[in-house]
2 protein chains.
Amino acid sequence: MNIKQNTDKPEVILTGDRATGPLHLGHYVGSLKQRIALQENHEQTILVADMQGLTDNAHQPKKVSANILNVVADYLAVGIDPAKTTICLQSQLPALAELTMYYSNLVTISRLERNPTVKHEIQSKGFERSIPAGFLTYPISQAADITGFNASLVPVGDDQLPMLEQTNEIVRKVNSLAGHSVLQECKPLLSDESRLPSTDGKNKMSKSMGNAINLGSTEKEISAAVKSMYTDPNHLKVDDPGKVEGNVVFTYLDAFHPDKNYIHQLKAHYQRGGLGDGTTKKILEECLQDMLQPIRLRRNAFLNDKAYLVDILCKGSQISREKTSQVLFKIKDIFGLNIF
Amino acid sequence: MNIKQNTDKPEVILTGDRATGPLHLGHYVGSLKQRIALQENHEQTILVADMQGLTDNAHQPKKVSANILNVVADYLAVGIDPAKTTICLQSQLPALAELTMYYSNLVTISRLERNPTVKHEIQSKGFERSIPAGFLTYPISQAADITGFNASLVPVGDDQLPMLEQTNEIVRKVNSLAGHSVLQECKPLLSDESRLPSTDGKNKMSKSMGNAINLGSTEKEISAAVKSMYTDPNHLKVDDPGKVEGNVVFTYLDAFHPDKNYIHQLKAHYQRGGLGDGTTKKILEECLQDMLQPIRLRRNAFLNDKAYLVDILCKGSQISREKTSQVLFKIKDIFGLNIF
């Protein structure tokens, strides 16, 4: 963690996920573990970003909503505690849409088109000029999310740093218009953990690519995913020396196996030869089955009580509506619009 | 009027003004007169578009809010009756901002850039690529306004027809996503009156150009505006024959003088020579003074009772919040987002 724990002045943290699919081990390593730690000493809100999820999924109108409760179940299953972390739903917070409208007047189209994250995403999604307006402008909506909660700290991957720059530019414009400090700039919180590779060792993990192990994966799915995992393509016979770098099985063992010393010895054995991929995969599978079984059971139990999940989201959204409305009031004040 | 009066099925009409300045005689001829007639037989809402006003005025944060009550006073002074017409404030209707967010995912940036009205406005405002995102996307926000009220009829100038096309495209996309008819397409209501020229006969009327006669103009301002009015530049001596076409004094006399026959004779006299511009201007000034004096007095009385104006807006916005929330509910339903 890059931030001090047990500080007297806890940070206000906003984080979240687009509700476009179930969460997987990449989310666990990249953000969920961090959130479980952060909730102990900070004011943390997790935003289930359904509206942002729709910016490139509106043609599948129910895809996002079908995932909302799954994502909440994922949170609770891994140990996000709704008594410590506010979990809320973006579409339940009209102030965020209103803030987006006000901020939209402070950002030019050419500035949005220069945003490296958006540029990359437009390319990878093949949008070209047919990019939905909501997708090009989603950095503005994200700025509304961050500032709407007065967040001082935003956990991000380094590919998301341009989004925070965009947010802070808006913050500075708002403060300059107001003539005093209304919003605060946010700082990024970069994870110490490196990004977990996909099981095929090639792409970013994604449900549609079938190269991710979801937190709710069944025993069989975990087993199949580990068996198909990318290792060292030149490690043909058991006796051959094998490569550990880029070998996804070892990357996952590093990330999840509790006995680091044992993994160290295992790597040495693999490198000098005599250790088959079948054996390393068996070790990894056992480790992942042990880790994911209780998460899966909890997740299923939560999903069997949807009313409880809705209640968590509803209460979190109620708290968040109050917070975001207060920020909206301040922004409307700059424009003299708190008339009644 | 292009629509039937006293019909059994009254149209739902949405109209409005950007609150960027006081209303002038161009508004009176182009829209206010029509609204006064329409309110008798139709369900009419007038939206004071403060948020749209900010799309190209955010750098002057109080310009829009300073004009809101003036515009409401203008409405009441000319005869818009709040018992017959709902007058509401855009920034008080969060559902419109939320609808804008949902619709933004259904419209591409290139489609917005092809909008002839926006294209022209971008050129005339000199934005080029520095166009604020909120300005390029305001047709989406306007579609939210129109559909948010379920408007079937929208009074527009012909330069605004592309905005209604854009709205109806969104309507069709929404209905196609839903698989049934959720929103209705709107029809334009074009005014029979041609656009009133500015006093200098050159540009579109605007406060900043100083070429408009506002509804609240003082006696002196009216007098000065008429005296400086563009006539026939070749009509140098009283005895010379004068041109009536393009002569702003006659255009205004046509628009405002109650005695059409008298104006007909006056034109003939001017055309054959012997009638000076001083005389025609005196006739026009008297006509405008007579017409604007009671409007000015009522306007000032309303502006002396700001609490009343706020109350009108507040009540109208309350009614409108209910209407627009119902439409938002239907749109969120398409995306499965009415979770709690």
Side-chain angles (χ1 to χ4, degrees), chain A residues 50-51 54-59 61-66 68-69 89 91-92 94-113 127-138 140-141 173 177-178 310-311 313-314 317 328 332 334-340, chain B residues 50-51 54-59 61-66 68-69 89 91-92 94-113 127-138 140-141 173 177-178 310-311 313-314 317 328 332 334-340:
Chain A
D50 53 352
M51 293 183 84
L54 283 172
T55 58
D56 54 343
N57 287 293
H59 54 292
K62 293 279 163 59
K63 175 180 166 185
V64 166
S65 58
I68 292 172
L69 295 185
L89 188 61
S91 65
Q92 285 289 322
L96 298 182
E98 295 183 76
L99 285 174
T100 302
M101 297 281 286
Y102 290 108
Y103 295 168
S104 289
N105 306 328
L106 308 177
V107 181
T108 65
I109 290 292
S110 57
R111 174 65 184 86
L112 292 169
E113 288 174 342
F127 276 137
E128 293 167 16
R129 292 309 289 164
S130 296
I131 175 175
F135 192 80
L136 182 65
T137 58
Y138 93 77
I140 303 176
S141 158
K173 279 196 189 168
L177 273 182
V310 168
D311 189 53
L313 261 188
C314 184
S317 299
L328 176 63
K332 287 181 76 168
I334 297 172
F335 298 106
L337 293 178
N338 291 313
I339 296 171
F340 46 92
Chain B
D50 52 352
M51 293 183 85
L54 282 173
T55 58
D56 55 343
N57 287 294
H59 55 290
K62 295 278 162 60
K63 176 180 166 184
V64 167
S65 58
I68 292 171
L69 295 186
L89 188 61
S91 66
Q92 285 289 321
L96 298 182
E98 295 182 76
L99 285 174
T100 302
M101 297 282 286
Y102 290 107
Y103 295 167
S104 289
N105 305 328
L106 308 176
V107 180
T108 65
I109 289 291
S110 58
R111 174 65 184 85
L112 292 169
E113 288 173 343
F127 276 139
E128 293 168 15
R129 291 309 290 162
S130 297
I131 175 174
F135 191 81
L136 183 65
T137 58
Y138 93 77
I140 304 176
S141 158
K173 280 196 188 170
L177 272 182
V310 168
D311 189 52
L313 262 187
C314 184
S317 300
L328 176 64
K332 286 181 76 168
I334 297 172
F335 297 107
L337 292 179
N338 292 313
I339 298 171
F340 48 91

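This one's a predicted model, so the numbers in the text were calculated from it and none came from an experiment.
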Comparing L313(B), V64(B), N57(B) against chain A, the one with the most heavy-atom pairs below 4.5 Å turns out to be L313(B)
Does any non-hydrogen side-chain atom of F335(A) lie less than 4.5 Å from one of L177(A)? yes
Looking at M51(B), is its backbone amide N or carbonyl O close enough to the side chain of S91(B) to form a donor-acceptor pair, meaning the two atoms are under 3.5 Å apart?
no
side-chain contact (heavy atoms from CB on, under 4.5 Å) test vs I131(B) passes for just one of L136(B), T55(B), D56(B), namely L136(B)
Next on the checklist: Treating T108(A) as the side-chain partner and R111(A) as the backbone partner, does any N or O pair qualify as donor plus acceptor under 3.5 Å?
Outcome noted: yes
* Compare all side-chain heavy atoms of Q92(B) with those of K332(A) and state whether any distance is below 4.5 angstrom. => yes
Cut-off 4.5 Å, heavy atoms of chain B, and the answer for L69(A) is neither
When the 4.5 angstrom heavy-atom criterion is applied to K63(A) and chain B, the contacting part is neither
Highest number of heavy-atom pairs under 4.5 Å with chain A among G134(B), S130(B), A133(B) belongs to A133(B)
So, the part of I339(A) with a heavy atom under 4.5 Å from chain B: the answer is both
Looking only at S317(A), S141(A), A58(A), most heavy-atom pairs under 4.5 Å shared with chain B are made by A58(A)
The interface call for L112(A) against chain B, heavy-atom contacts under 4.5 Å, is side chain
Turns out that what part of L328(A) lies under 4.5 Å from chain B's heavy atoms comes down to neither
Show me the donor-acceptor pairs, under 3.5 Å and distance only, between side chains in residues 98-106 of chain B and residues at least two apart or in other chains.
residue: T100(B); atom: OG1; partner: L96(B); partner atom: O; Å: 2.7
residue: Y103(B); atom: OH; partner: T147(B); partner atom: OG1; Å: 2.9
residue: S104(B); atom: OG; partner: T100(B); partner atom: O; Å: 2.7

